[in-house]
Amino acid sequence: MTKLETMIGRAESIVILGHVNPDGDCVGSCLAVYNYAKEQYNKRVTVCLEKAAEKFSYLAGFEDIKNQLEEETADLCICLDSSDRERLGEFKICLDHAKESICIDHHITNHGYAMENVIDADASSTCQVLFTQMEEDKISKAVAECIYTGIIHDTGVFRYSNTSRKTMEIAGKLMEKGIDFSSIIDDSFYKKTYLQSQILGRALFESVSFLDKRCIFTVVRKKDMEFYDVDKSDLDGIVDQLRIIEGVECAIFLYEVGIHMYKVSMRSNKKVDVSKIAAYFGGGGHMRAAGCTMSGSFHDVINNLSGHIEKQL
Ligand code: AMP
Ligand code: MN
Ligand code: MN
């Protein structure tokens, strides 16, 4: 029995939390545990997350996700893909009130804020760690779809350097559960609505290279988001597109979240450890993918980041 199984087994009520701005690994891991605990243990389970992108609506249990706090006290609180307590957002109160808690994650910066912590910084994704916490025979097709979704999103469909032999072996085992992996990849990762494609095109068109074309950034302002009628989840993938431009070592994507406030996403190829830079500005992440929120004009933000990148290049 793994730690997760033991704890699910003895809890009557379970609340599952992820991180703010939930991504594929976050939604996938939360719904994987949700379905697993319901199917195998018949428990009362609630998933609390900020509103997740519609593209994940094929995942079983998506409709059951609560965007508002309903119950603060549960026997067990399971925290997934969130590197620290603050990243749980408004739902962190559930962690404080739960009788028991477990955190499953893959962020190197995670120091273990729950009662039990299963953290593997070498794993591609939280979903990969989660797979090792479940009994293979008990993983249903629905759970396999959730785990596969998390893995493909955090590895950019097995392209990023966090992909290992183990990642591929797990993906193979999930394929054997009968999942429609082609549709999962197309529908959740590559497919874009017309407006998402428009804003991607505009962001690329307006991108600016600096530091001898080894860095590139682009910015999307509130008024652009209003014009195209898109929200933050429609901006997924813009930074990844910047990263694969020839000669680019480090790509930066900013979107406006308030007056003189920007959400920063950074991606690097080999030379720059973006997690260090993000951590310096109060954020975090991984060596090749990290983020933070910064204040000032977007020129200030780029100037500040540029100094740190230049030191590493
Ligand atoms: P993003 O650029 O938002 O896609 O995030 C890339 C990676 O950095 C993910 O692993 C995030 O969990 C992490 N990350 C992004 N923003 C923050 C933040 N403000 N604090 C800690 N980690 C972050
Ligand atoms: Mn995540
Ligand atoms: Mn993750």
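Values in this document were obtained by computation on a predicted structure and should not be read as measured data. Remember, it's 1-based here, ligands and their atoms both numbered in the order they're listed.
- The residue among Arg87, Lys263, Arg288, Met294 with a heavy atom at the shortest distance from atom 3 (O) of ligand 1 is Lys263.
- Two rings, from His153 and Tyr160, have their centers 6.0 Å or more apart.
- Residue Asp25: an N/O/S atom is found under 2.8 Å from the Mn ion (ligand 3).
- Contact annotation: the side chain of Leu242 never approaches that of Arg267 to less than 4.5 Å [non-hydrogen atoms, C-beta and beyond].
- Ligand-side atoms of ligand 1 in range of Gly284: 8 (O), 13 (C), 14 (N), 18 (C), 20 (N), 21 (C), 22 (N), 23 (C), range being under 4.0 angstrom from any heavy atom.
- Of the listed options His19, His286, Arg267, His106, Arg267 places a heavy atom closest to atom 5 (O) of ligand 1.
- Within a 6.0 Å radius of NZ in Lys138, more than 12 heavy atoms belonging to other residues, nucleotides or ligands are found.
- The Mn ion (ligand 3) has an N, O or S atom of Asp154 closer than 2.8 Å.
- With hydrogens and angles left out, the side-chain atoms of His19 and Asp23 include a donor and acceptor closer than 3.5 Å.
- The closest approach between a heavy atom of Glu86 and any atom of ligand 1 is not below 4.0 Å.
- Aromatic ring centres of Phe281 and His308 lie closer together than 6.0 Å.
- Distances from the Mn ion (ligand 2) show that His19 has an N/O/S atom below 2.8 Å.
- Shortest distance from the Mn ion (ligand 3) to Asp81 is reached at OD1 (N/O/S atoms only).
- Glu145 places none of its side-chain heavy atoms less than 4.5 Å from the side chain of Asn35.
- The name of the N, O or S atom in His106 nearest to the Mn ion (ligand 3) is NE2.
- The residue among Cys292, Ala290, Ser82 with a heavy atom at the shortest distance from atom 8 (O) of ligand 1 is Ala290.
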